[in-house]
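One structure below.
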Amino acid sequence: MTIKYEGGCLCGAIRYAASKPPSRTVACHCTFCQRFTGSAYNIEVIFEKEAVELKGDDLRTFDKRSEGSGKTVHVHFCPRCGTTVSLTFERFSTLRAIMRGTLDDPNSVKVDRHIFTQSAQNGMVFPAGIECFEQHPFALDGTPREATKFDAPHEISR
């Protein structure tokens, strides 16, 4: 059985379908993601950009320079209902992040890492055995950073 990765915005003006599975699913706790989602964190499903076909209205884009990398993050949203559908990145130009909550079946993907845990909000609990990174998993020069994996659920308390 093939899992389809399809979804869209709240009003239905934007739809998408991915022709390949995602490379990973990330829970991002950076302050940028907290601000643009209005929530504690963002869950983004990472696809190769060419694997995602967008249908319907044209997405609007808000560009924001990342304080960490100095590179631009492009926030793509529905012009009718305002739903953030995806992100693209100057730093990772071949990738498109789809917001997990816009998938028709959000449970079809499992979070496999948490990033920017240094800015996670109080009360956030990181599951045992999942890769957690205090910052981005890759330094600006592309060097991989070491992940932390907790033996038991780990709650943030500041």
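One is the number of the first residue; the rest follow in order along the sequence. Being a predicted model, the structure only gives us computed values, none of them experimental.
Hydrophobic clustering, with ILVMFWY side chains joined whenever heavy atoms are under 4.5 angstrom apart, groups L87 together with I115. By the criterion of side-chain heavy atoms lying less than 4.5 angstrom apart, applied directly or through intervening Ile, Leu, Val, Met, Phe, Trp or Tyr residues, Y16 is not grouped with I43; the two fall into different hydrophobic clusters. By the rule that hydrophobic residues join a cluster once side-chain heavy atoms approach within less than 4.5 Å of another member, Y5 and V52 end up as members of one cluster. Under a hydrophobic-cluster definition in which Ile, Leu, Val, Met, Phe, Trp and Tyr are linked whenever side-chain heavy atoms come within less than 4.5 Å, directly or via other members, L95 and M99 are assigned to the same cluster.
Using a 4.5 Å cut-off on side-chain heavy atoms (C-beta onward), P22 and I46 make no contact. Annotation: side chain of P137 is in contact with side chain of R113 (closest heavy-atom distance under 4.5 Å).
Ionic pairing of D57 and R15 is not present here: no N-O contact between side-chain nitrogen and carboxylate oxygen is shorter than 4.0 angstrom.
Between the side chain of R100 and the main chain of V45, no donor-acceptor pair closer than 3.5 Å is present. At distances below 3.5 Å, at least one donor-acceptor pair connects side-chain atoms of Q34 with backbone N or O atoms of S119. Side chain of T83 to main chain of L10: a donor-acceptor pair is present (N/O by atom type, distance under 3.5 Å, no hydrogens or angles). In this structure a side-chain-to-backbone donor-acceptor pair under 3.5 Å is missing from E131 to H114. For R96 (side chain) and T88 (main-chain N/O), no donor-acceptor pair under 3.5 Å exists by modelled atom type. At least one donor-acceptor pair closer than 3.5 Å links the side chain of K49 to the backbone N or O of S93.
Applying the 6.0 Å contact sphere to OH of Y41 captures no more than 12 heavy atoms from other residues, nucleotides or ligands. Applying the 6.0 Å contact sphere to CG of D63 captures more than 12 heavy atoms from other residues, nucleotides or ligands. E6 CD: more than 12 foreign heavy atoms inside a 6.0 Å radius.
Defined by atom type and a distance below 3.5 Å, a donor-acceptor pair is missing between the side-chain atoms of S69 and R91. No side-chain donor-acceptor contact under 3.5 Å links H29 and T117.
Taking the six-membered ring where the residue is Trp, F150 and H154 present parallel rings, their angle staying beneath 30° rather than reaching 60°.
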